[in-house]
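These values consider heavy atoms only, across backbone and side chains, with no hydrogens, waters or symmetry-generated copies.
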Amino acid sequence: MTGAEKLAKYHRRRDFAKTAEPQGGAAGGTAAGAPAYVVQIHDARSMHFDFRLEADGVLKSFAVPKGPSRDPHDKRFATPTEDHPLEYRDFEGVIPQGEYGGGTVIVWDEGTYRNLTSDRDGNEVPLAEALDRGHASFLLEGRKLHGGYALTRIRGTGDGEREAWLLVKEADARAASAGTPDPRRARSARTGRTLGQVAAAARSAGDRE
């Protein structure tokens, strides 16, 4: 699949004359160093967390209603969404109402990850391929999340059935009993602002225009 094809659904759903979301171009190449991940809180029609992993020049994205947890006992339901451009990991702001995903977005967590997925012979399976197969393991090194996590498909796409996944923390030294914070009180890893503060700043800026 070409870079343009990877982002076709993302571009098709958005009017970049109205939304400040990054347009991106064709999918980018793999950046030097460890690949990035980002977790954004999105106060859209329904509040959720967006969990995104850099792979194959895009951000492989999942909507996680309750957000990633540090507790291995928590099995977080996740739904795959369209690939996003790499620039989206920097996005924090308000998507206008009436646009796809209208609502406020903050960067709750960000960092890098290491792919831990391997085949039966111990060879590494590229992350994008691992997701296609239905299971990926990775080590997060972020501002808030650390240690091993896994994404596993529990329901496929046969007969038009929508995919369902689980995002689970591995029981390692970085596990904790704390789950996920209240998204309305959570603060941006970049600016320290809450969703409400970002929305208020956007309203204030609009009033001055």
Next item on the list: Begin with the C-alpha distance, continue with both residues' side-chain angles, and end with the deciding distance and a verdict on salt bridge (charged side-chain N to carboxylate O under 4.0 Å, His left out) for Glu21 and Arg13.
Entry: CA-CA 12 Å; Glu21 295 168 279; Arg13 286 179 164 176; over 6 Å; no

Which heavy-atom pair separates [X] from [Y] by the least distance, and what is that distance?
X	Y	result
His135	Thr152	ND1-OG1, 2.8 Å
Arg184	Leu195	CA-CD1, 4.5 Å
Ala63	Asp50	CA-OD1, 3.9 Å
Val125	Ala130	CG1-N, 3.7 Å
Asp56	Ala128	OD2-CB, 3.4 Å
Arg187	Lys144	O-NZ, 2.6 Å

Between [atom1] on residue [X] and [atom2] on residue [Y], distance to nearest 0.5 Å:
X	Y	atom1	atom2	result
Thr112	Leu139	OG1	CG	8.5 Å
Leu127	Leu151	CG	CG	8.5 Å
Asn115	Leu53	CG	CG	9.5 Å
Gln23	Arg14	CD	CZ	11.0 Å
His42	Thr104	NE2	OG1	8.0 Å
Glu110	Glu92	CD	CD	9.0 Å

What I'd like to find out is whether the side chain of [X] reaches to under 4.5 Å of the side chain of [Y], using heavy atoms alone.
X	Y	result
Gln40	Val107	yes
Tyr100	Glu82	yes
Arg76	Lys169	no
Leu59	Leu86	yes
Phe77	Trp165	no
Pro181	Trp108	yes
Tyr37	Arg89	no
His146	Glu141	yes

Is there a path of hydrophobic side-chain contacts, each under 4.5 Å between heavy atoms of I, L, V, M, F, W or Y residues, that connects [X] with [Y]?
X	Y	answer
Ile106	Ile95	no
Phe51	Tyr113	yes
Ile41	Val64	yes
Phe49	Tyr149	yes
Val38	Leu145	no

Next item on the list: Quick one: do Thr180 and Arg70 satisfy side chain to side chain donor-acceptor pair (under 3.5 Å)? Show the steps, please.
Entry: CA-CA 7 Å; Thr180 310; Arg70 302 174 181 89; over 6 Å; no

Next item on the list: Quick one: do Arg190 and Ser188 satisfy side chain to side chain donor-acceptor pair (under 3.5 Å)? Show the steps, please.
Entry: CA-CA 5 Å; Arg190 293 197 164 196; Ser188 165; over 6 Å; no

Item checked: Contacts of Asp109 that satisfy salt bridge (charged side-chain N to carboxylate O under 4.0 Å, His left out) - sequence neighbours left out -> none

Notebook entry, point to check: Between Arg52 and Ser61, does any side-chain donor sit less than 3.5 Å from a side-chain acceptor?
Noted result: yes

Checklist line | Any side-chain donor near an acceptor of the partner, Arg133 and Thr117, under 3.5 Å | finding: no

Check: Other than Val168, what residues sit in its cluster of Ile, Leu, Val, Met, Phe, Trp and Tyr side chains whose heavy atoms are under 4.5 Å apart, directly or through others?
Finding: Ile154, Leu166

Would you say the side-chain atoms of [X] pair up with the backbone N or O of [Y], donor to acceptor, closer than 3.5 Å?
X	Y	value
Asp119	Asn123	yes
Asp172	Gly147	no
Gln197	Thr194	yes

Next item on the list: With sequence neighbours excluded, tell me which residues meet side chain to side chain contact (heavy atoms under 4.5 Å, CB included) with Asp71.
Entry: Ser69, His73, Asp74

Notebook entry, point to check: Does the side chain to side chain contact (heavy atoms under 4.5 Å, CB included) test come out yes or no for Thr79 and Phe62, once each step is laid out?
Noted result: CA-CA 5 Å; Thr79 302; Phe62 292 79; over 6 Å; no

Note to self: Please determine whether side chain to side chain contact (heavy atoms under 4.5 Å, CB included) holds for the pair Phe91 and His84, giving the CA-CA distance in whole Å, both sets of side-chain angles, and the decisive distance to 0.1 Å.
What the structure shows: CA-CA 11 Å; Phe91 178 69; His84 282 50; over 6 Å; no

Next item on the list: Kindly indicate, with the supporting measurements, whether the criterion salt bridge (charged side-chain N to carboxylate O under 4.0 Å, His left out) is fulfilled by Lys60 and Asp83.
Entry: CA-CA 5 Å; Lys60 297 293 183 180; Asp83 293 342; 3.2 Å; yes

Note to self: Assess the residue pair Arg155 and Glu163 against the criterion (side chain to side chain contact (heavy atoms under 4.5 Å, CB included)); give the C-alpha distance rounded to whole Å, side-chain angles, the decisive distance to 0.1 Å, and a yes or no.
What the structure shows: CA-CA 5 Å; Arg155 189 173 69 222; Glu163 285 189 36; over 6 Å; no

